[in-house]
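All figures in this text were calculated on a predicted structure; none of them were measured in a lab. Start at 1 and go down the list; that is how both ligands and their atoms are numbered.
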Amino acid sequence: MTDFAEFAERERAGWQDAEIVVAYVEYIAPLTERAGEQALMALNIAPDTEVLDLCCGQGEMTRRACELSENVAGLDFSETMLERAARVAPMADLREGDAAAMPYADASFDAVLCNFGIPHVPDRTAVLSEIARVLRPGGRVALTSWVGPDGSAAFATAVTAIQGMAGPPSIPQPDFFEFSRGDAAETRLSQAGFQLQSHEVIPLVLDLDRPDGLFQLFANATVGIRMLIQSQEPPVVDAIRDAMAAEVEREYRVPEGYRVAMPATITVASLQ
Ligand SMILES: C[S@@+](CC[C@H](N)C(=O)[O-])C[C@H]1O[C@@H](n2cnc3c(N)ncnc32)[C@H](O)[C@@H]1O
């Protein structure tokens, strides 16, 4: 089996970094929260539904879950994120912990939201089996993911420029976009005892005011791509920025600035 230990360590350190968290909340969270809102709706939450917001991050989806239910928990391994979540969703039961070894008893929840958490976890089998363990029979899970370069202008622009100038990632990493493909998501979920209910693409877009805005977003507000960019020599970083900015200028100009598609998927499944 591939060893994703270095990837896992990088993710853990990255999400603790206050600069990344501030940039993530400013630039990416407005999109993730739009997808998360739809994912939350798909969970059919009632006031007595026990809900877990897994990889809750900044806590905005946790807060919205608290508007629907009185029993909401949030789990994340980043103290930096959890400090924010505690301010945003003080009524939730927030805990620090790993999605692959959750600090909850079996059958504790009726619904689990994992909004853009699954692409970041190295061992998806472990996380899905933990979600199945903490859910009650018939419980539902909603997972969101980014669509990969084949269907996403934002990721196509970034990956083409970065791989063109810097080559492929230097450390082994799991397929970031795996759950955006319905067949792959269904296979993983059924192996963990879930039945797929729906798999849907959400057409999110990034509105930028500068052609290098897309580079700035990936270089500052992400963990993996940021580190890949930061590990390059300055001329390579400049070349990546220039290539991305040129593509945005050429392909994505609109009267108000620049508009780049960055679609996501929502996968909903229920525990058999
Ligand atoms: C892309 S952010 C998503 C944040 C939030 N759910 C949202 O709606 O925008 C990924 C979050 O997953 C957390 N995370 C990543 N791997 C994790 C793991 N193995 N266990 C717990 N949290 C994890 C990170 O700390 C980060 O807060």
Visitor: Which ligand 1 atoms are under 4.0 Å away from a heavy-atom of Ala99?
Guide: 18 (C), 19 (N), 20 (N), 21 (C)
Visitor: Do Glu6 and Gln173 get their side chains close enough for a donor-acceptor pair, meaning under 3.5 Å?
Guide: no
Visitor: Among all protein heavy atoms, pick out the one at the shortest distance from atom 27 (O) of ligand 1; state its residue, atom name and that distance to 0.1 Å.
Guide: Asp76 OD2, 2.7 Å
Visitor: Counting heavy atoms only, which part of Phe77 comes closer than 4.0 Å to ligand 1: side chain, backbone, both or neither?
Guide: both
Visitor: I want to know if ligand 1 touches Trp15 in the polar sense, i.e. an N/O pair below 3.5 angstrom.
Guide: no
Visitor: What protein heavy atom sits nearest atom 8 (O) of ligand 1, and how far off is it?
Guide: Asn115 ND2, 2.9 Å
Visitor: Below 4.0 angstrom from a heavy atom of Gly57, which ligand 1 atoms are there? Numbered from 1 as shown, please.
Guide: 4 (C), 27 (O)
Visitor: Looking at ligand 1, is there an atom of it that comes within less than 4.0 Å of some heavy atom belonging to Gln58?
Guide: yes
Visitor: Working note: Phe179 + His199, criterion ring pair (Phe, Tyr, Trp, His ring centres under 6.0 Å); need CA distance, chi angles, decisive distance, verdict.
Guide: CA-CA 9 Å; Phe179 279 74; His199 179 79; 9.0 Å; no
Visitor: Short list, please: which atoms of ligand 1 are under 4.0 Å from a heavy atom of Thr32?
Guide: 7 (C), 8 (O), 9 (O)
Visitor: Does one side chain, of Thr125 or Arg188, offer a donor that lies under 3.5 Å from an acceptor on the other?
Guide: yes
Visitor: Just to be sure I'm reading this right: ignoring hydrogens, which of Gly59, Gly117, Cys55 gets closest to atom 6 (N) of ligand 1? Compare them by their nearest heavy atoms.
Guide: Cys55
Visitor: With backbone taken as N, CA, C and O and side chain as the heavy atoms from C-beta onward, which portion of Cys56 lies under 4.0 Å from ligand 1: side chain, backbone, both, or neither?
Guide: backbone
Visitor: Under 4.0 Å between a side-chain nitrogen and a carboxylate oxygen: does that hold for Arg87 and Glu83?
Guide: no
Visitor: So, Arg250 and Glu247, do they make that salt bridge, N to O below 4.0 Å?
Guide: yes
Visitor: So, the side chain of Asp110 versus the backbone of Thr49: is there a donor-acceptor pair under 3.5 Å, distance only?
Guide: no
Visitor: May I ask you to list the atoms of ligand 1 that are less than 4.0 angstrom from any heavy atom of Phe116?
Guide: 1 (C), 3 (C), 10 (C)
Visitor: What atoms of ligand 1 come within less than 4.0 Å of a heavy atom belonging to Asp98?
Guide: 18 (C), 19 (N), 20 (N)
Visitor: Using a 4.0 Å cutoff against the non-hydrogen atoms of Met81, which atoms of ligand 1 qualify?
Guide: 27 (O)
Visitor: Ion pair present between Glu60 and Arg84, side-chain N to carboxylate O less than 4.0 angstrom?
Guide: no
Visitor: Check whether any side-chain N or O of Arg259 sits under 3.5 Å from a backbone N or O of Arg253 as a donor-acceptor pair, and report yes or no.
Guide: no
Visitor: Thinking salt bridges, do Arg95 and Asp76 make one under a 4.0 Å N-O criterion?
Guide: no
Visitor: Ring-plane angle category for Phe155 and Trp146, please: parallel below 30°, perpendicular beyond 60°, tilted otherwise.
Guide: tilted
Visitor: Tell me whether Asp53 has any N or O atom under 3.5 angstrom from an N or O of ligand 1.
Guide: no
Visitor: Using a 4.0 Å cut-off to any heavy atom of Ser78, which atoms of ligand 1 qualify?
Guide: 25 (O)
Visitor: With a 4.0 Å heavy-atom cut-off (strictly under), which part of Val121 contacts ligand 1: side chain, backbone, both or neither?
Guide: side chain
Visitor: Would Tyr24 count as being in polar contact with ligand 1, using the rule that some N or O on each side must be under 3.5 angstrom apart?
Guide: yes
Visitor: So, Ser270 and Gln195: side-chain donor and acceptor under 3.5 Å apart, yes or no?
Guide: no
Visitor: For Gly97 and ligand 1, answer yes if some heavy atom of the residue is under 4.0 Å from a ligand atom, otherwise no.
Guide: yes
